[in-house]
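Here it is: the structure, laid out below.
Proteins come first, then strands; the chains are lettered A, B, ... in the order of their sequence lines, and each starts at number 1.
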There are 2 protein chains.
Amino acid sequence: MANTLYAGVPQFYVAVDCIIFAYENNDIQVLLQKRKIEPFVGEPTLLGGFVGAEESLDDAAHRVLLERTGMKDVFLEQVETFGEPDRDPGGRVISTAYYALLNKKLHDTRLIQKFGCEWYSLKNLPMLHFDHSKMLAKAIGILRDRIGYSPVALNLLPAEFTLTQLQRVYEGILGMELDKRNFRKRLKEMPYFIETGKKDKSFSKRAAALYNFDWMMYKQLKYYHL
Amino acid sequence: MANTLYAGVPQFYVAVDCIIFAYENNDIQVLLQKRKIEPFVGEPTLLGGFVGAEESLDDAAHRVLLERTGMKDVFLEQVETFGEPDRDPGGRVISTAYYALLNKKLHDTRLIQKFGCEWYSLKNLPMLHFDHSKMLAKAIGILRDRIGYSPVALNLLPAEFTLTQLQRVYEGILGMELDKRNFRKRLKEMPYFIETGKKDKSFSKRAAALYNFDWMMYKQLKYYHL
DNA sequence: GGAAAATGTGTCACATTTACACTCGAATAT
DNA sequence: ATATTCGAGTGTAAATGTGACACATTTTCC
């Protein structure tokens with residue numbers, strides 16, 4: 001026994017559950033997995049996993065992402081920890097929810113199929129068991145809030161993107177339409193949105209300008225303005 | 001063994017740590033406790049406790065509050081969960097941080113003395129061991145954000161309060177001075193700040209009007225405006 | 001009765017936010 | 001080759017919100 005110091009103190013299973021967001025076809029989506037164990041076998045569930053003995057919570061969430069989607073360095077942020085005694089009928093499990101924002105083009109579609117994962121539109125989410133619907137709702141709330149003052153939504157797009165794509169991402173997250181001119185006006189005031197000079201024709205007849213985001217400049221300006 | 005389902009999965013100690021805020025003399029304060037076990041015996045530490053086998057995280061935080069301050073029904077909100085493998089040298093402990101806002105007049109001063117607790121001004125906080133300084137910093141950040149769109153700061157004041165007191169609470173939390181007229185102008189637009197008709201002379205020569213906050217009206221209006 | 005200390009009140013300049021409609025360029029169909 | 005279609009791209013005016021600012025009032029204390 002390594003821990004004699006806290007002898008007698010109860011111990012718990014600790015898990016992470018990931019709310020994985022992606023963007024495709026003007027639509028924000030969430031990745032859910034068919035549950036493999038009782039109860040609720042076959043029903044969609046958040047992607048979760050137990051935390052390893054020598055693993056941090058963040059590492060566990062990154063590991064779950066890597067195992068299921070094949071992606072490293074995915075944007076992850078903690079949502080909240082859920083610890084009701086009866087939240088999981090299989091045992092006393094504390095679960096920390098994370099949300100992830102990933103570029104759907106870079107994920108491994110075979111891997112997610114192998115795990116029985118499927119993308120669901122934010123507009124048409126199924127009911128989830130346990131407290132997973134609460135986790136999901138909280139994650140959406142945090143994300144909606146976050147994009148108001150942080151450029152995290154860019155994690156849902158390729159490095160080069162059009163302004164219309166970015167607007168669609170915001171609209172999908174917020175669940176409302178935005179005014180094109182006002183949206184673009186605000187971006188123009190931010191010097192870290194860089195026009196690459198390239199054009200994208202795949203979404204329109206008239207080509208749209210491709211931009212990228214200068215994260216270095218963003219961080220420096222943000223730091224400076226503290 | 002109750003849990004055969006997750007056999008072989010590692011288990012962890014689970015704790016809560018509370019960042020307890022109060023207001024007194026134009027000053028926001030945090031309650032810290034002298035640590036009783038090695039390492040760092042005698043140093044100030046956040047008020048923490050292990051979660052019981054049949055207890056939720058929220059319940060554990062409320063219990064810690066009750067044990068140490070004698071207060072029930074204290075405002076509590078989860079901050080973040082910390083789970084680095086080496087965060088506590090005494091064992092593998094996951095800890096969920098909570099912040100609490102309480103009316104200092106109602107707490108049991110003898111009880112906190114018995115536990116070796118002391119109030120520290122936000123303006124003059126000591127360094128804390130483990131990840132407790134991170135927890136504290138995060139809690140302050142969340143609180144600063146929260147008071148911008150929620151009346152939680154009222155939990156730091158008695159049911160009847162003057163507008164100057166409330167302004168001092170905001171100033172203490174934000175760490176900056178606010179304009180009196182603009183502050184009061186905004187409150188006047190909110191119908192759930194009710195003038196009681198009573199006056200308070202204890203803080204000024206000219207008496208100040210006492211207000212209370214109609215939580216019912218607040219919730220109803222908020223709900224309605226969704 | 002005068003000084004000190006905190007309460008309480010309104011306006012104006014400026015910045016921010018919102019609403020709104022047409023031309024441009026390229027592909028496609030006739 | 002011409003017309004049609006579709007998304008890209010652009011500016012202005014009105015409304016709203018925010019921030020700065022100064023003095024009279026009431027009571028206590030000396």
A/R63/A/E67 salt bridge by N-O under 4.0 Å criterion: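 Salt bridge flag = yes for A/R63 with A/E67.
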
Would you say B/R184 places a side-chain N or O within less than 4.0 Å of OP1 or OP2 belonging to C/dT9?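 The answer is no; no side-chain N or O of B/R184 sits under 4.0 Å from OP1 or OP2.
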
Would you mind telling me which residue lines up with the more 5' stretch of DNA chain C, B/N182 or B/T162, judged by nearest nucleotide?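 The residue closer to the strand's 5' end, by nearest nucleotide, is B/T162.
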
Among C/dG25, C/dT7, C/dA5, which is the nearest nucleotide to the side chain of B/K205?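 Per side-chain heavy atoms of B/K205, the pick is C/dA5.
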
Nearest to the side chain of A/R181 - D/dG11, D/dA22, C/dA27?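 Among D/dG11, D/dA22, C/dA27, the one nearest the side chain of A/R181 is D/dG11.
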
Is a salt bridge present between B/E24 and B/K105, judged by a nitrogen-to-oxygen distance below 4.0 Å?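 No.
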
Just so I know, are the side chains of A/D214 and A/P191 near enough to count as touching, which here means a heavy-atom distance under 4.5 Å?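 Counting from C-beta outward, A/D214 and A/P191 never come under 4.5 Å.
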
Minimum-distance nucleotide to A/K180 side chain [options: D/dA8, D/dT12, C/dG8]: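 Nearest to the side-chain atoms of A/K180, counting from C-beta on, is D/dA8.
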
Nearest listed nucleotide, side chain of B/T164, among C/dA26, C/dT7, D/dG11: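 Of the options given, the side chain of B/T164 lies nearest C/dT7.
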
The side chain of A/R206 is closest to which nucleotide in this list: D/dA8, D/dG19, C/dT18?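 When the side chain of A/R206 is considered, D/dA8 is the closest of D/dA8, D/dG19, C/dT18.
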
Can you tell me if B/K201 touches the phosphate of C/dA6, counting only side-chain N or O atoms and a distance under 4.0 Å to OP1 or OP2?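 Checking B/K201 against C/dA6: no side-chain N or O falls below 4.0 Å of OP1 or OP2.
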
Distance-only donor-acceptor test, A/K185 side-chain atoms vs C/dT18 base atoms, 3.5 Å: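 Such a pair exists between side chain and base.
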
With distance as the sole criterion, is a donor-acceptor pair present between the side chains of A/S202 and A/D200 under 3.5 Å?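 Yes, A/D200 and A/S202 have a side-chain donor paired with an acceptor closer than 3.5 Å.
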
